Amino acid sequence: MNGILEKIMDEHAEHLLRLAYFYVKNSHAAEDIVQEVFIKFSQQGYEERESYVLIYLD
C-alpha cells in the first residue's frame, strides 16, 4: 500500500466511519462504505495529490 494512502487512511478512517454510521445506522454497512471510499480513492490516483486530499478531508 502506498505510504500516503496509508497515512490518509490512518488519519481519517475513524471519522469517515462515524460519518457513514450516522447516516446508515449499521456498523457493517458503514464499514463497507468506508472501504469503498478508500478503494475508489486509491483507484483514482488521488494519493499522488496528498496536499489537495488533506485539505478536502480536514
Side-chain angles (χ1 to χ4, degrees):
M1 183 181 329
N2 186 309
I4 295 170
L5 179 59
E6 188 172 336
K7 177 182 175 186
I8 291 169
M9 289 175 64
D10 288 344
E11 292 178 1
H12 299 285
E14 185 178 333
H15 178 258
L16 291 173
L17 185 58
R18 284 183 289 184
L19 183 63
Y21 182 81
F22 175 79
Y23 285 102
V24 298
K25 305 292 192 244
N26 179 297
S27 60
H28 295 293
E31 289 173 1
D32 288 344
I33 290 167
V34 173
Q35 182 178 20
E36 286 296 317
V37 166
F38 285 121
I39 289 170
K40 287 184 185 278
F41 180 82
S42 68
Q43 290 173 343
Q44 297 297 318
Y46 290 113
E47 67 274 7
E48 296 171 2
R49 294 178 267 172
E50 178 185 15
S51 60
Y52 170 79
V53 171
L54 294 179
I55 290 169
Y56 179 76
L57 289 173
D58 286 337

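For the numbers below, each heavy atom of this structure counts, side chains included, while hydrogens, waters and symmetry mates do not. Not measured: the values here are computed from a predicted model.
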Closest contact, heavy atoms only, V24 versus A29: CG2-CB, 4.1 Å
Quick one: pull up NZ in K40 and CD in Q35 and give me the separation to the nearest 0.5 Å. 12.0 Å
Honestly curious: do Y21 and V34 fall in one hydrophobic cluster under the side-chain, below-4.5 Å linking rule? no
CD1 on I8 to CZ on F38, rounded to 0.5 Å: 8.0 Å
Are any of the side-chain heavy atoms of Y23 and I33 separated by less than 4.5 Å? no
What's the separation between atom NE2 in H12 and atom NE2 in H15, rounded to the nearest 0.5 Å? 9.5 Å
Drop me the distance from L16's CG to M9's CE, to the nearest 0.5 angstrom. 10.0 Å
So, taking the atom named CD in E31 and the one named CG in N26, what distance separates them when rounded to the nearest 0.5 Å? 9.0 Å
